[in-house]
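A short worksheet on the structure shown next.
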Amino acid sequence: MRLSRYFLPILRETPKEAEIVSHRLMLRAGMIRQESAGIYAWLPLGYRVLRKIEQVVREEQDRSGAIEILMPTIQSADLWRESGRYDAYGKEMLRIQDRHERDILFGPTNEEMVTEIFRAYVRSYRDLPKNLYHIQWKFRDEVRPRFGVMRSREFLMKDAYSFDLDQEGARRSYNKMFVAYLRTFDRLGLTAIPMKAESGPIGGDMSHEFIILASTGESEVFCHKALLDLPKPSPDLDFEGDLQPIVDSWLSHYAATEEMHEPARFEAEVPEDSRISARGIEVGHIFYFGTKYSAPMNAVVTGPDGQEHPVHMGSYGIGPSRLAAAIIEASHDENGIVWPESIAPFKVGLVNLKVGDEATDRACEAIYGRLEAAGVEVLYDDTEERAGSKFASMDLIGLPWQLIVGPKGLAGGTVELKNRATGERESLSIDSALARLGG
RNA sequence: CGGGGCAUAGCGCAGCCUGGUAGCGCACCUGGUUUGGGACCAGGGGGUCGCAAGUUCGAAUCUUGCUGCCCCGACCA
């Protein structure tokens with residue numbers, strides 16, 4: 001992509017409403033535009049990132065055996081009356097009427113709908129387990145949206161729903177998601193720690209929030225230092241195998257959010273020099289809720305015993321739009337964003353330091369062409385800005401690599417390759433620079 | 001939902017107290033000089049001063065109502 005033809009509205013000054021660093025950087029880097037309180041348009045750079053996050057989430061869901069569907073954003077109130085949640089949900093739910101004055105709503109979540117879909121088709125335990133997920137916009141009318149897309153009213157969520165014959169099966173499904181989440185966050189460049197969460201009316205130990213540590217996190221969290229260095233499950237893991245040992249290895253260390261924190265246990269179980277108490281951002285939440293929806297909504301299957309059983313369900317959420325902000329919170333410096341390569345909007349920023357200089361233009365065009373041909377995502381700054389301004393913009397938008405081409409280097413047959421994360425710069429020949437970038 | 005604050009050009013702000021032809025910086029356009037970490041000079045374009053009513057000869061400025069947005073707290077992927 002040529003910057004001169006792209007739509008990248010970079011702000012030099014920080015809009016005053018932006019309080020936390022990710023919000024400031026997303027606005028300055030031209031990733032998002034606020035349209036209403038807690039409602040954002042995704043501009044090209046932001047949208048590229050969002051799609052990449054979505055794709056990583058999707059790949060890991062698929063790998064774990066979950067199956068993608070797409071349910072609507074608008075739901076009928078009647079469906080929610082079946083579960084009793086239409087009255088229970090409160091003002092967070094955006095309630096609307098259509099032209100026939102029928103009550104409808106913009107979905108804050110999809111348990112009822114997925115249960116309705118499931119019960120319409122599945123009759124036998126032989127068809128279980130199933131895990132259906134979708135990645136869809138949700139709306140929760142937060143009293144006080146804030147921090148940009150970190151806590152917005154409209155947000156993108158991946159929500160998966162598992163169906164099993166009994167609790168034992170549900171635990172296996174739960175474990176798959178647990179492991180899939182570890183892999184997902186790892187691929188996104190995040191160290192997410194599963195922490196025991198409020199399990200609601202169902203009780204039990206199957207409810208965890210995945211938390212990343214960040215100074216701007218919303219809640220206080222406590223955990224054992226060892227959790228930061230536990231190995232992540234590998235891509236060739238057999239999800240049909242026994243995942244309990246992996247799950248147990250994570251749960252064997254103390255980790256809790258404010259609400260679930262037990263100071264006495266923390267002090268007893270964790271040696272003083274291993275205690276971490278920090279702020280955290282919730283980036284995922286998984287929980288088992290048994291027959292909470294299947295029973296009232298009559299989602300039943302026939303078991304091996306010939307009897308009908310309400311299915312045991314769990315639901316598993318990850319917020320890609322929130323993750324975009326969370327990743328920035330975890331990965332930035334004073335100059336701007338530092339994208340992990342897995343979700344960077346472009347891999348390389350090609351900086352032409354002297355547009356109009358024939359040799360420089362020619363070299364840049366050649367490099368640009370070769371990178372494009374090799375399928376390397378490149379943003380080519382072919383604008384007539386000054387060098388300093390180009391450097392500042394590139395640092396701000398945080399592409400992992402900057403390939404800097406100017407007359408001085410070219411005179412000696414070199415270009416400069418800068419690593420955004422480390423700041424390290426190397427003078428290389430064009431060929432070896434391209435080789436390094438996979439071009 | 002309780003408490004506080006803001007609304008003036010795309011962004012950041014001044015002007016308001018004490019009413020009298022709307023300003024600054026950045027960004028944008030033109031010309032010139034510059035050119036490896038956010039250049040300089042000269043010229044230029046752009047604003048129903050959030051909306052509505054009131055007071056007044058005259059309202060960005062005073063009064064009232066409304067709307068939007070932000071911050072602090074209680075709640076949430």
Side-chain angles (χ1 to χ4, degrees), chain A residues 9-20 23-24 27-28 30 33-39 53 57 89-93 107-111 135-160 181 192 197-198 200 207-212 218-219 257-259 281-287 315-326 334-336 351-357 360 381 383-396 402 404-412 414-416 418 423 425 427:
Chain A
I10 283 177
L11 269 38
R12 193 157 165 178
E13 281 168 284
T14 304
K16 62 175 174 183
E17 73 266 18
E19 194 73 2
I20 63 169
H23 191 191
R24 284 202 298 267
L27 290 170
R28 286 199 53 214
R33 161 117 191 133
Q34 178 167 336
E35 293 298 336
S36 277
I39 299 180
I53 294 171
V57 170
Y89 212 90
K91 288 189 158 180
E92 271 199 0
M93 184 153 75
T109 177
N110 287 68
E111 279 85 2
I135 302 174
Q136 176 64 292
W137 294 93
K138 304 290 189 292
F139 193 92
R140 292 184 190 169
D141 200 357
E142 297 280 346
V143 213
R144 192 182 155 209
R146 59 182 128 171
F147 303 151
V149 295
M150 186 77 85
R151 188 183 314 178
S152 50
R153 293 196 293 171
E154 187 178 67
F155 58 97
L156 190 61
M157 181 158 87
K158 183 287 298 181
D159 39 330
Y181 275 34
E198 208 81 64
S207 175
H208 291 89
E209 290 177 359
F210 286 73
I211 303 277
I212 62 167
E218 316 144 90
S219 55
T257 59
E258 253 169 318
E259 309 85 61
I281 300 170
E282 180 186 352
V283 290
H285 193 172
I286 60 177
F287 60 103
S315 82
Y316 315 90
I318 291 182
S321 49
R322 166 180 282 191
L323 270 171
E334 63 282 0
N335 296 320
V351 182
N352 183 331
L353 285 181
K354 192 161 186 176
V355 170
D357 176 79
T360 311
D381 187 347
T383 65
E384 293 182 20
E385 284 299 309
R386 300 169 62 81
S389 153
K390 292 191 175 194
F391 290 136
S393 294
M394 274 300 167
D395 285 349
L396 173 64
Q402 295 172 18
I404 300 159
V405 181
K408 288 184 193 169
L410 286 177
T414 62
V415 294
E416 224 170 66
K418 175 178 163 186
R425 293 153 161 264
S427 283

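Residue numbering restarts at 1 for every chain, and letters A, B, ... go by the order of the sequence lines. Just so it is clear, the structure is predicted and the values come from calculations on it, not from any experiment. What you see below is based on every heavy atom in this structure, not just the backbone, and it leaves out hydrogens, waters and symmetry mates.
When ring centroids are compared, A:His208 and A:Phe210 stay outside the 6.0 Å threshold.
Place A:Gly406 and A:Phe155 on RNA chain B by their nearest nucleotides, and A:Gly406 ends up nearer the 5' end. Nearest-nucleotide assignment on RNA chain B puts the 5′-proximal partner with A:His23, out of A:His23 and A:Glu154.
In terms of polar N and O atoms assigned as donor or acceptor, the side chain of A:Arg151 comes within less than 3.5 Å of the base of B:C75 in a complementary pairing. Checked by distance alone, A:Lys16 brings no side-chain donor or acceptor within 3.5 Å of a matching partner on the base of B:G5. Below the 3.5 angstrom threshold, one finds no donor paired with an acceptor across the side chain of A:Arg24 and the base of B:G12. Evaluation of atom-type donor-acceptor distances gives no pair under 3.5 Å for the side chain of A:Arg144 against the base of B:G4. Between the base of B:G38 and the side chain of A:Glu385 there is no donor-acceptor pair shorter than 3.5 Å. Taking 3.5 Å as the limit, the base of B:A27 and the side chain of A:Arg12 contain no donor-acceptor pair of atoms between them.
Across B:C11 and B:A27, the matching P atoms stand 15 Å from one another, rounded to whole Å. B:A42 and B:C26: their P atoms are spaced 12 Å apart (whole Å). On the P atoms, B:C16 is 13 Å away from B:A7, given to the nearest whole Å. With C1' as the reference atom, B:G38 and B:C1 are 44 Å apart, rounded to whole Å. Comparing the C1' positions of B:U21 and B:G25 gives a spacing of 24 Å, expressed to the nearest Å. For B:A9 and B:G23, the C1' atoms lie 11 Å apart once the distance is rounded to whole Å. Comparing the C1' positions of B:G2 and B:U64 gives an interatomic distance of 24 Å, to the nearest angstrom. Taking atom C1' in both B:C6 and B:C49, the straight-line distance is 14 Å, to the nearest Å.
A:Thr383 and A:Glu385 are not linked by any side-chain donor-acceptor pair at a separation below 3.5 angstrom, with hydrogens and angles left out of the test. Side-chain atoms of A:Gln402 and A:Asp395 form a donor-acceptor pair, as typed in the model, at a separation below 3.5 Å. One side chain, A:Glu259 or A:Thr257, offers a donor N or O that lies under 3.5 Å from an acceptor on the other.
The side chain of A:Ala37 lies closest to B:C70, out of B:C70, B:C76, B:U35. Proximity note for A:Arg146 (side chain, C-beta onward) versus B:G38, B:A39, B:A74: the nearest is B:A74. Closest to the side chain of A:Gln34, out of B:C69, B:A77, B:G38, is B:C69. If you check B:A39, B:C1, B:G36 against the side chain of A:Arg386, the one that comes closest is B:A39. Comparing B:C76, B:A39, B:G36 against the side chain of A:Glu416 picks out B:G36 as the nearest. The side chain of A:Ser36 has B:C69 as its nearest neighbour among B:C69, B:G36, B:G38. Side-chain proximity of A:Glu13 to B:G12, B:A77, B:C1: nearest is B:G12. Closest to the side chain of A:Leu353, from the set B:G36, B:C71, B:C69, is B:G36. Nearest to the side-chain atoms of A:Arg140 among the listed nucleotides B:G73, B:C76, B:G36 stands B:C76.
With a cut-off of 3.5 Å on both pairing distances, the Watson-Crick or G-U wobble partner of B:C28 is B:G44. Pairing partner, B:U63: B:A53, with both Watson-Crick or wobble hydrogen-bond distances short of 3.5 Å. Across the strands present, B:A14 finds no partner; the criterion is a Watson-Crick or G-U wobble pair with both atom distances under 3.5 angstrom. Using N1 to N3 plus N6-O4 or O6-N4 for Watson-Crick, or N1-O2 and O6-N3 for G-U wobble, each under 3.5 Å, B:G2 pairs with B:C72.
At the heavy-atom level, A:Ile404 lies under 4.0 Å from base atoms of the strands shown. At the heavy-atom level, A:Ala387 lies under 4.0 Å from the strands shown only through sugar-phosphate atoms. No engagement by A:Lys354 is indicated, since no non-hydrogen atom pair under 4.0 Å with the nucleic acid exists. Within the 4.0 angstrom heavy-atom criterion, base atoms lie near A:Ser152. Across all strands, A:Lys91 comes closer than 4.0 Å only to sugar-phosphate atoms, never to a base (heavy-atom distances). Contacts of A:Arg28 with the nucleic acid, taken as non-hydrogen atoms under 4.0 Å apart, include base atoms. In this structure, A:Asp159 reaches neither bases nor backbone, as no heavy-atom distance under 4.0 Å exists between it and the strands shown.
The CD-P distance, from A:Glu111 to B:A77, rounds to 11 Å in whole Å. Rounded to whole angstrom, the span from the CD atom of A:Glu384 across to the P atom of B:U33 amounts to 14 Å. Here B:A77 presents its P atom at 14 Å from CG of A:Leu323, a figure rounded to the nearest Å. The interatomic distance linking A:Arg153 (CZ) with B:C75 (C1') rounds to 15 Å, in whole Å. Distance, A:Phe391 CZ to B:A39 P: 12 Å, rounded to whole Å. One can place CD of A:Glu259 at 9 Å from P of B:C75, the figure rounded to the nearest angstrom. Regarding A:Phe287, its CZ atom lies at a distance of 12 Å from the P atom of B:C76, rounded to whole Å. Rounding to whole angstrom units, CZ of residue A:Phe139 and C1' of B:C76 are separated by 13 Å.
In this structure, A:Glu35 places its CD atom where more than 12 heavy-atom neighbours from other residues, nucleotides or ligands lie under 6.0 Å away. By the neighbour-count criterion of 12 heavy atoms within 6.0 Å, atom CZ of A:Arg33 is sparsely surrounded, having that number or fewer from other residues, nucleotides or ligands.
Residues A:Glu19 and A:Arg24 are not paired through a salt bridge, judged by the lack of any N-O separation under 4.0 Å between the basic side chain and the carboxylate.
For the pair A:Arg425 and A:Phe391, the distance from NZ or CZ to the six-membered ring centre is under 6.0 Å and the angle to the ring normal is within 45 degrees.
Although no hydrogens or angles enter the test, the distance criterion places no donor-acceptor pair under 3.5 Å between the side chain of A:Arg153 and the main chain of A:Arg140.
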